[in-house]
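Within every chain, numbering begins at 1; the chains are lettered A, B, ... in the order of the sequence lines, protein sequences first and strands thereafter.
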Amino acid sequence: MNPLVRVENLAMQFGAEPIFRGVTFDIEVGAHLAVLGPSGCGKSTLLRLLAGLDAPSEGAIDIGERQVSAPGKVLVPAHERTIAMVFQDLALWPNLTALDNVLLGMSQVQASRREKRLEARDALKACGLESFEARRPSSLSSGQQQRVALARVLAVRPKLLLLDEPFSGLDIALKAQLFSEIQQLASSHAVTLVLVTHDPLEATALCANALVIEQGSVCESGNLLGLLRQPTSATLRAFLQQLPTRRGVR
Amino acid sequence: MVSCAVLERPGTWRVIGITVGLLLAFAPAVPLLFAAGVQNGGGSMLGGNFGAALGRSFAVAAAVALLTVGIGLPTGVFAGLSDFPLRSFLLALLALPLLVPSFLWAIGISMLRTSSGMSATSFLSGYSGAVIAFVAVGLPLVFFVSLLSTRGISRGQADAARLAGGESNLFRHALRSVSPTAAVAGVLGGVLTLADPGPGQILGYNGAGFAILTSFAAQYDFGLAARQCLTLSALVIVIVLPVVVLLAPRFAASLLARDVAPLAPIRAPLTNWLAPVLLFSIIIFTVVLPAAGLIAPVLRDFPAARVAQEVRRTLPNTLVYAAAASGIATILGFALALIAGRERRLRAILLAAAVVLFALPSSFGALGILHAGTAAPATLDFLFRSKFAASAGLAMHCLPLAVIIAMRSIGTTSPSWANAAAVHGVPLRLYFGRILVPHLLPAMLLAALLCALIATADVSTILLLHPPGETSLPLAIFTVMANAPESLVGALCLAYLGGAAVLMCLAAALARFARDT
């Protein structure tokens, strides 16, 4: 059986400056993947390539049976890739209500207006927002805004959900609550997650697998807990060095 | 289906779009180059007195630049750092001279001189009179640029300056940080006076702008007017371009919204009364005294019927010119800003071109359109000899303001909005209709209102391009001011000021709405 996503020898550069090269990995259905690495290593760029927002400089991306990106080309546009994405700033459209944000996000869903409305309400309900559907994002709390963003992506029933550091800036209690809700929703909606983060703690909460990018290439990849036992990347080594301190505080 | 992601991607279409847009904006200069080759008679290339007129204009411009920066920079910074009673009201009053024709202020100063019994050689006439009239218009420009730049200082920067040396250190830090921007505004304010014929003519100190108008309207020498206009434009470009090229990237970046907490105002009790006193002193000089000059003859005699008749005759055209010009400028300005997007280089180029276009004499575009009209067949009169031509000429003059407001407004959108729309397959027209345009609408309305005010205040363009009999209210004032009774001129000026004040209040309310949403 083909993997859900196959990335082969992917490279990206802006102008003459290379961001990363030779990135190869597969994502199996249900095998949530964390993409880790220091700031500026190209994690978000990799996610944009998976989403079809940019074309790679080299290499190919397959989603399901189809090749979706080739060097310099987006072969399948973002909205035809059965993916969804939660952006770092959530990208909620500020002048629309929570319900309208979800409804407009369903532009490509083939259903009647009434059915779409029902689906959108269901998605909001699944995220615990049924009583906030008429509110605009600016009148919602950070946690509620995160949930609107989640409802918007769940309503389109994607196979792959890309999360671009959506938890930065949230307090630890809210993060924990959201992690548990996302895991539950991902399992109930059969969605595979790709989480971009620089915080291995977030990665361990949501993903079983990890890919660490450092200095323009994949430094290590595989089962996250296995990687944490014998880390070779500076990112994971630095994370482990912090752990005793945390225990000490406790 | 075109993906919304295209709005956030680089592409050659952006370069092509900006090139086409700027060519369109500068296109009227092309016929002007041809017109400059036309030689009537055997006079000198630029007319005998043009060099002296240029010298006078530069003397006024230099004084205006120095005075406006000297007064506008510290007061603007101080007002930007303070919160004081009647703030909105005083700021609105101070903005008034920016949005009305400069000759209105000169008329006010001239009438003030006569009503107070001063001689024709007093300081309210000649060189000093022209400087005073232009400073009244240029000072608010530097003041507001300084105030807005000060407001751009983040809370973190302000607190760091406070910790290092208290409120006085914060003031010094703000002054240093705002100085380059204020200096550019001062240079721009000075340059804008170079081609403005009104105040010099009224106060007896004619400069280059008046010489160009005379060559065209009194000597009927189009070639001479074109050469003089091109010479003046070249000098303007020589002054403005280096400054703009050096500073445009920085300004373009500062127009992108930053997510920073605004600075906390100075909480010293002194500012509660000092800031309003300072502002009110400037307002007395820039608004109250010229307005008092306009009111004095009206108090003696108010020709209500003549005023009503004149306003009725000119109001429809004034509104048509203003609406059409602001419509063209706003649509083109927002389109150009959208095309430039977030690309730093294109934003800097667009901003630099906008500032140069704003600094160029308004006769630069108008004379070009006029010359194209004389060469074009009669079937194209609707394009070159019509209200549309006049409106297009006005639009090119106020386009830079629309571009700057648009760049600022588009800078407040998040790139991920369009990317999210792309991932969800939202059609481009739906993205524009439901997300982008509603978000930009307050800024678009604000740009349209301000462009309408600036277009109406541009008398030179209307004077050169209006179809026979289709005059506007400011032009009617400009043409009757030498012969009509002072009371009529004063009353017409006040009627114009009243209308401008109402529109300005509307613009202020819109600006507040745009900021709050």
Are there more than 12 heavy atoms of other residues, nucleotides or ligands under 6.0 Å from atom [atom1] of [X]?
X	atom1	answer
I172(A)	CD1	no
R151(B)	CZ	yes
R135(A)	CZ	yes
E130(A)	CD	yes
K159(A)	NZ	no

Query raised in the report: Quick one: does W417(B)'s side chain get under 4.5 Å of P94(A)'s, heavy atoms only?
Result: yes

Query raised in the report: Do the side chains of V423(B) and R81(A) get nearer than 4.5 Å, heavy atoms only?
Result: no

Query - Closest non-hydrogen atom pair between A91(A) and A420(B), with its separation - result: CB-CB, 3.8 Å

**Report entry** Residue pair W93(A) / Y431(B): nearest heavy atoms and the distance that separates them
**Finding:**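 Heavy atoms only, the tightest pair is NE1-CE1, 4.3 Å.
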
Report summary line: In this structure, CG of N95(A) is separated from CG of L440(B) (nearest 0.5 Å) by 10.0 Å

Report task. Find the distance between CG (N419(B)) and CG (D54(A)) and round it off to the nearest 0.5 Å. Result ->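 One gets 8.0 Å once the value is rounded to the nearest 0.5 Å.
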
Report task. Before giving the answer on side chain to side chain contact (heavy atoms under 4.5 Å, CB included), spell out for L104(A) and H424(B) the whole-Å C-alpha distance, their side-chain angles and the decisive distance to 0.1 Å. Result -> CA-CA 8 Å; L104(A) 192 62; H424(B) 286 272; over 6 Å; no

Query - Structural part of V153(A) lying under 4.5 Å from a heavy atom of chain B - result: both

Report summary line: Checking L92(A), D89(A), V86(A), L53(A) against S416(B) for side chain to side chain contact (heavy atoms under 4.5 Å, CB included), the one that qualifies is D89(A)

Report task. Against chain A, work out which of A418(B), P415(B), A421(B), A5(B) has the most heavy-atom pairs shorter than 4.5 Å and name it. Result ->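 Winner by heavy-atom pair count: A421(B).
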
